[in-house]
2 protein chains.
Amino acid sequence: MSSESSASSLDPITRLLDITGERWSFLILRDLFYGVRRFDALQKHLGISKKVLSQRLNSLVEAEMLIRVPYQERPPRFEYQLTAKGRDFFPVLVAMQSWSNRWLFSEGEQGALLIHSDCGQPLDTKLICSHCEGSVTPARIRPGKREQ
Amino acid sequence: MSSESSASSLDPITRLLDITGERWSFLILRDLFYGVRRFDALQKHLGISKKVLSQRLNSLVEAEMLIRVPYQERPPRFEYQLTAKGRDFFPVLVAMQSWSNRWLFSEGEQGALLIHSDCGQPLDTKLICSHCEGSVTPARIRPGKREQ
DNA sequence: AAAGTAGGTTTCTTTTTGCAACCTGCTATA
DNA sequence: TATAGCAGGTTGCAAAAAGAAACCTACTTT
């Protein structure tokens, strides 16, 4: 149904949202990072309807974020694994989680679920330029217009 | 309408998506970072219906991501500005854009709209731990369970 | 033979969208 | 003074998407 994933828009964020733009897609990807890989487990953990879960998984597979892999043959059973493309989505989810922990939780409540193993601290992140390692803030960014 | 924004879920990403989980919210925030601030301009630039734009702006204002500020008095006209909370959302959008540029555009097509002023390169980012500055990848993260 | 399990699909009802038309307060024009 | 125009919305209605629940399939266990 959802029409061939239009490579139409030239805006990167629009194009991303064509793939993961539905709320559930983010949560499915998050669960996969947490290690939840099976249909049944995802459905129970997320509280999503089977229909929508099925649709989202299929579209994520179509988008090559996930692959459907058999984990046993008799009876045939499958799990969903992240592809390289899917794994590289991790920073987006982490950036979301960092922002959320900073702004949406009161002290004493912190929903910090992740620990950075290198330093043992609850995960809080910042973004740096992969070319110069400098910090990336709105003020240090300018549009790189095409022609219009 | 949309029921009091439940501070219900303990999961940070769920909580974030309660605020910005609708596709349009991301695009509105992106446009605000690009400097598009007025109802009319947003509506035309995004191609969104006025009703939905109005709903999304109101909920973003309610969530304190935006404030509605008069820019002239006669006739009364308003624009939407990012709050500190809203501006801090920037890394999420940038992480999205970086991922999209890496995976969703072919060579020769690159939709890179942003330049990092410090080094003059098209924006590509990576995430580091704000405590130890080490890189953050799924393998270096472990769950920091609460009790359950 | 009956029940259970994983992984879905189908059907139906309720919510959300998106489009178009309308409203308001004010300004500029004829 | 009337008329049109513009920014910033709201209202009403039809179409699309989501959610709940029942059903299906292929095996396994009791």
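All heavy atoms count here, side chains included; hydrogens, waters and symmetry mates do not. Since the structure is predicted, the reported quantities are computational estimates derived from the model, not experimental observations. Just so it is clear: chains get the letters A, B, ... in the order the sequence lines come, proteins before strands, and each one is counted from 1.
- Rounding to the nearest 0.5 Å gives a distance of 9.5 Å between OG of B:S98 and CD1 of A:I13.
- One can place CD of B:Q55 at 13 Å from P of D:dG9, the figure rounded to the nearest angstrom.
- Note on B:Y80: every side-chain N or O is 4.0 Å or more away from OP1 and OP2 of D:dA7.
- Residue pairs meeting the ring pair (Phe, Tyr, Trp, His ring centres under 6.0 Å) criterion with at least one partner in residues 31-70 of chain B, sequence neighbours excluded, are B:F33-B:F90.
- A side-chain N or O of A:E109 and one of A:S106 form a donor-acceptor pair less than 3.5 Å apart.
- Between A:Q72 atom CD and D:dA26 atom P there is a gap of 16 Å when expressed in whole angstrom units.
- Near-neighbour residues of DNA chain D inside residues 35-42 of chain A, defined by a heavy atom below 4.0 Å, are absent.
- Rounded to whole Å, the distance from CD1 on B:I28 to P on C:dT17 is 11 Å.
- A close approach under 4.0 Å does not occur between any side-chain nitrogen or oxygen of B:R68 and OP1 or OP2 of D:dG8.
- Contacts of A:R23 with the nucleic acid, taken as non-hydrogen atoms under 4.0 Å apart, are absent.
- Regarding contacts with the backbone of C:dT17, a side-chain N or O of B:R56 is found under 4.0 angstrom from either OP1 or OP2.
- Under the 3.5 Å distance criterion, the side-chain polar atoms of A:H116 are left unmatched by any main-chain donor or acceptor of B:I128.
- Relative ring orientation between B:W99 and A:F89 is described as perpendicular, the plane-to-plane angle rising above 60° on a 0-90° scale split at 30° and 60°.
- If you take CG of B:L46 and C1' of C:dT17, they are 15 Å apart, rounded to a whole angstrom.
- Between B:Y71 atom OH and D:dA7 atom P there is a gap of 7 Å when expressed in whole angstrom units.
- Considering only side-chain atoms of A:V52, the nucleotide from C:dG7, D:dG19, D:dG9 that sits closest is D:dG19.
- With sequence neighbours left out, the side-chain contact (heavy atoms from CB on, under 4.5 Å) criterion links A:F78 to A:R68, A:P70, A:P76.
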Watson-Crick and G-U pairing of DNA chain C written in dot-bracket, each distance under 3.5 angstrom, with | for inter-strand partners: ||||||||||||||||||||||||||||||

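- Atom CZ in A:F78 sits about 15 Å away from atom C1' in C:dT5, given to the nearest Å.
- Residue A:E22 places its side chain closer to D:dA18 than to any other of C:dA6, D:dT10, D:dA18.
- Applying the side-chain hydrogen bond (donor to acceptor under 3.5 Å, both in side chains) test to A:Q55 and every residue at least two apart in sequence or in another chain returns nothing.
- The neighbour count for A:E73 CD, taken as heavy atoms of other residues, nucleotides or ligands under 6.0 Å away, does not exceed 12.
- Distance NZ (B:K44) to P (D:dG9): 13 Å, rounded to an integer number of Å.
- Judged by a 6.0 Å distance limit and a 45° cone about the ring axis, A:R37 is not positioned over the six-membered ring of A:Y71.
- A salt bridge between A:R23 and B:D18 is present, with a side-chain N of the basic residue lying under 4.0 Å from a carboxylate O of the acidic one.
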With sugar-phosphate taken as primed atoms, P, OP1 and OP2 and all else as base, the protein-contact string of nucleotides 19-30 of chain C at under 4.0 Å (heavy atoms; B, S, -) is B-----BSS---

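- Environment of CD in B:Q81: crowded, with over 12 heavy atoms of neighbouring residues, nucleotides or ligands closer than 6.0 Å.
- A distance of 4.5 Å separates CG of A:L57 from CG of A:L53, quoted to the nearest 0.5 Å.
- Counting to the nearest Å, the P atom of D:dA20 and the CH2 atom of A:W24 are 9 Å from each other.
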